[in-house]
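Down below is the structure, laid out as structure tokens.
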Protein chains: 2
Amino acid sequence: MTNKDARTPASTQNPTEMSEAGKSIGWHKAYVEGSRPGLRVPVRQVHLTNGQSVTLYDTSGPYTDPLVDTDVRRGLAPLRENWIVARGDTEEYAGRPVRPEDDGIKHTSPRGGLRNLDAVFPGRPRLPRRGREGKAVTQLAYARRGEITPEMEFVAIRENVSPEVVREEIAAGRAVLPANVNHPESEPMIIGKRFLVKVNANIGNSAVTSSIEEEVEKMTWATRWGADTVMDLSTGRNIHTTREWVLRNSPVPIGTVPLYQALEKVDGKAEELTWEIYKDTVIEQAEQGVDYMTVHAGVRLAYVPLTANRKTGIVSRGGSIMAAWCLAHHKESFLYEHFEELCEILAAYDVTYSLGDGLRPGSIADANDEAQFAELRTLGELNRIAKRHHVQTMIEGPGHVPMHKIKENIDLQQEICEEAPFYTLGPLTTDVAPAYDHITSGIGAAMIAWWGTAMLCYVTPKEHLGLPNRDDVKTGVITYKIAAHAADLAKGHPGAQEWDDALSDARFEFRWEDQFNLALDPDTAREFHDETLPAEPAKTAHFCSMCGPKFCSMKISQDIRREHGGSRAEIEEGMAQKSREFAAAGNRVYLPIAD
Amino acid sequence: MTNKDARTPASTQNPTEMSEAGKSIGWHKAYVEGSRPGLRVPVRQVHLTNGQSVTLYDTSGPYTDPLVDTDVRRGLAPLRENWIVARGDTEEYAGRPVRPEDDGIKHTSPRGGLRNLDAVFPGRPRLPRRGREGKAVTQLAYARRGEITPEMEFVAIRENVSPEVVREEIAAGRAVLPANVNHPESEPMIIGKRFLVKVNANIGNSAVTSSIEEEVEKMTWATRWGADTVMDLSTGRNIHTTREWVLRNSPVPIGTVPLYQALEKVDGKAEELTWEIYKDTVIEQAEQGVDYMTVHAGVRLAYVPLTANRKTGIVSRGGSIMAAWCLAHHKESFLYEHFEELCEILAAYDVTYSLGDGLRPGSIADANDEAQFAELRTLGELNRIAKRHHVQTMIEGPGHVPMHKIKENIDLQQEICEEAPFYTLGPLTTDVAPAYDHITSGIGAAMIAWWGTAMLCYVTPKEHLGLPNRDDVKTGVITYKIAAHAADLAKGHPGAQEWDDALSDARFEFRWEDQFNLALDPDTAREFHDETLPAEPAKTAHFCSMCGPKFCSMKISQDIRREHGGSRAEIEEGMAQKSREFAAAGNRVYLPIAD
């Protein structure tokens, strides 16, 4: 099974086929070379019919490179491996044996018994890796020491900024570069408010539905449309194996919520969770290569009563599991109590914290309440602890928030968490539109990203209703790429507007194929155009079906420009001439009205 | 053909069928009675499984009332006719004969020759009506005289405010109540920033595609999903007849751009347009009952050169037609020159001005430029003239605007146009997502409405690509209802949050049917839920397919509330008790970290 066959959207299939009559149009995968061999930053190069080209950020990984043979059974090439090994501060070790319960299998079965990572993913035998004793192996530690890693150089090229800017932002804790030493397949990317706004797509099976193959396919599909990271939120069977396959095939950082798997191991009984089971799960996932982990350590015992009079209580799965545990034992959260120890584990693999907002509001009524902000203050405290251990850290944010309460969220988060990257779910700006929550939340996402959120967690049309399928994943990603790019524009991110300008030029000049190829979703744009004007000549027609040829404003604008000279000066001179004739003829002009 | 059969979405079909086991759930059309017979304000009454009910604003007209037989050949009952006649300030008259060219037919044909309105719509013979000589018959004139008309009372009930507030806002020019005396079928509604944010849906055939039946169906379909007004932007054949059928069947105000039809009459040659042809077209449409008209009188000769160096020139059809005319003749716009005369015509029928922004930006690059704001200042001048003639007036706004430039638009418009209602198209916050411009624009729409825009013109997924079909119309309307409601919430509109609260209560209590029935789009919400959990018991299940039964945060929250007492005080007391035991046992709690 080659990934390319089944999963490539039409527009990216055989891009070389789009070269015709000696003119290369469409787009192809290209690379920008860095300062060392093997440091090649992928870009999407769009070739326009007017001979120009536009370079766009590309998250799709090797799958869109016709020169690379990909095979999900073998996984992607470990492009960062040499960089990691060359640093000499990590070591391979035997690792934790994989147990049946890691995959949710309780009793001895043909699949049961101890296994190692090779058995889970036979395609590429490997041992897990971790920092040597006494070595700080996180990008944060390197940045603080003034080192510019290959990963930092990679993202500097990708973001079109200097490597020093990347290093500074990471060192200051204002940006994270999630890059577990056990996920060498990932193409480095950065999350921080000085960089392009990023989008995360959630995938994951549940006890009710979905399979390993589907999840791997959702991951490649999501990155194809622009997902910068993917979270695997699986909760059903085969969690461990699904995650291994996703990681070995993922060109983007993978995030998880280890608590979900830990709960599976105690058969869903929150009160049976222990620090030991949780810690073991974190190590299990860190060895696999999970790049960032959501940890709900801010849900403290004392905050649970603050949610009692809420409209929708606790809506975060992780938050509610921890609240249930705290109440069942009448004890402080084991995540909060063992947070320093957890930092040491994450630091050994360079796993990035995503400090979860377990008490985020689940309805408009609950936005910005005491419970939410109490937890945020604790996240600020945990952020400082994590930094002390050189663990890269971002902070998760809501949720359901009406527009007028959004800014308070990002402002408070930035203040309390010392500008650590904010990573928000939407927020959803109203509760009344299930089946359209990609839109209710896309609105809030664009706004909060403009104001400083660094990464947006997508919401699909199935939010609140069911598990997203392939189409929902695409819709969610595209919606959030829109929100992210709208924010990049509003922030005045250097170069962001070039993309809009190129597309608008193509639109004004009726270069339909260029419009399609520059679109966030070329396939759907082309399909919609062809619905009413399917014939090939319509692709070069100087009108479209909205107005027909007689009414086309773009065409009239072009006629005006052509007939009256191209530039403003020329038009003004032509008009001035006519105006003199006009005045000489004594024609009355409508007199301005007195106030 | 009864409209109900073909066009009713599943959720509204035979709502009485949803009554079962003596318990009425689902929703039905209800009416709130006013102070006089026949003044009945429609509402959508949603009946919940917990015995409560929620009252929602309803734009769907008599089509959703099972007690009313509708027939598109007869048209809707003229509910405002008695009110209009009773005022005694209008008169019927012979009216302008309908000519073949009104329908785009040039030569004598079996359908050619003079006709009257009866021939165009045989279902309800009528004569056009206009204000008597010397009478000011607009809602603005009545409001200024201190009169509260039945129309004002109707919208006061609809908006849940006092009639005096409605009168004041109209008298001050801060709101309009579009209500042509020749469109007595319409249910009064109000557009102004103190009221609920409204949504307009555009329909209309073009020379390339579409038919009369389709347009009438699109209108009823759009209002079914929440469109507050509909603009008929037809440009092809049968413009006059299509508009007549749309008007006779429309429960919402209908807007047009008369310039489109005028241009058809001169075979698409802008330079052949004259004031006489335009004026005749305005009278033709006013007699039919058009409630508001977009007039691009702000596109002055001197502003055309300001667009020469733009990325996308002039993108408004009306704007480009007028620019072409001005340049072809090297004369000031005839709309600007004859604006006072136009005011007199509109005043006679109570047609509301929608002063068009012919120079709105069509790309991110062109936002907030000199051309756009020069025209806006002229619109401010024209607004004052219109008010002098007692013509209700709103102002149209952009277009393509990045987020950080949106607020300047509404602030300037409110200042320059003395708080006249702003009516904006989006704005689109990026150019790069053709096929998703309902979303790029929904983001901008929500923001600008929060800041004061009174009505939002929807954008469908087909924007820039083709004519919207039935699904596109629905998607556009729903997206814009989301933007409008998100803005109502952010503005703190009284009662707006009750809807969100009711839905969130249902969500927290796993009342799935109530969630569906309260949703903006019950059909799709139900369909999405059923995709993964189709069985009937899942409608009462205390979990859904996202997390499965073990992980449901809502369920855990409920368990917490149940086990530990319902209120915050009870939980705190329970916890305090445990806490005492806990402290007595000497358990260590994680110590707060010093800064």
Side-chain angles (χ1 to χ4, degrees), chain A residues 206-208 235 268 305 308-309 311-315 317 320 324 330 332 336-337 363-365 402-404 429-435 443 446 450 465-467 482 485-486 489-490 499-501 503-504 508 519-520 524-525 528-529 532 545 548 550-551 553 556-557 568 571-572 578 589-590, chain B residues 206-208 235 268 305 308-309 311-315 317 320 324 330 332 336-337 363-364 402-404 429-435 443 446 450 465-467 482 485-486 489-490 499-501 503-504 508 519-520 524-525 528-529 532 545 548 550-551 553 556-557 568 571-572 578 582 589-590:
Chain A
S206 82
V208 179
T235 57
N309 291 335
K311 177 96 17 205
T312 46
I314 301 173
V315 297
R317 279 188 264 170
S320 60
H330 303 282
E332 185 57 278
Y336 182 78
E337 290 207 312
S363 56
I364 291 296
M403 284 191 285
H404 64 300
T429 55
T430 167
D431 305 339
V432 303
I443 294 167
W450 168 27
L465 297 169
L467 272 184
I482 289 170
H485 183 68
L489 287 175
W499 186 8
D500 300 72
D501 289 353
L503 196 142
S504 287
F508 188 66
L520 208 39
T524 307
F528 281 4
H529 175 269
T532 31
S545 60
K550 286 195 294 193
F551 284 87
S553 62
I556 295 175
S557 276
R568 177 168 164 177
I571 291 188
E572 276 180 341
K578 292 291 174 185
V589 172
Y590 195 73
Chain B
S206 82
V208 181
T235 57
N309 291 336
K311 179 101 4 213
T312 46
I314 300 172
V315 297
R317 278 187 264 172
S320 59
H330 303 283
E332 184 58 276
Y336 184 78
E337 290 208 310
S363 56
I364 291 297
M403 283 191 287
H404 63 300
T429 55
T430 167
D431 305 340
V432 303
I443 292 166
W450 168 26
L465 298 169
L467 273 183
I482 288 169
H485 184 67
L489 287 174
W499 186 7
D500 299 73
D501 288 352
L503 196 142
S504 288
F508 189 67
L520 208 38
T524 307
F528 281 3
H529 175 269
T532 31
S545 59
K550 284 194 295 193
F551 283 85
S553 63
I556 295 175
S557 276
R568 175 169 165 176
I571 291 189
E572 277 180 342
K578 293 291 174 185
F582 185 66
V589 171
Y590 196 73

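Every chain is numbered from 1 and lettered A, B, ... according to where its sequence line falls, protein lines coming before strand lines.
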Taking B/T430, B/V432, B/T429 one by one, which has the highest count of heavy-atom pairs under 4.5 Å against chain A? B/V432
Closest contact, heavy atoms only, A/H404 versus B/A490: ND1-CA, 3.2 Å
When only pairs under 4.5 Å are counted, which of A/A519, A/P402, A/A525, A/S363 shares the most heavy-atom pairs with chain B? A/A525
In this structure, CG of B/D501 is separated from OG1 of A/T312 (nearest 0.5 Å) by 9.5 Å
Name the option with the most non-hydrogen atom pairs under 4.5 Å to chain B; the candidates are A/L489, A/I443, A/L520, A/D500. A/D500
State, yes or no, whether a side-chain contact exists between A/W499 and B/I364 at a heavy-atom distance under 4.5 Å. no
Examine whether an atom of B/L503 lies under 4.5 Å from a heavy atom of chain A, and if so say whether it belongs to the side chain, the backbone or both; otherwise answer neither. side chain
Only counting residues at least two apart or in another chain, list the ones meeting ring-ring contact (aromatic ring centres under 6.0 Å, His included) with B/W450. none
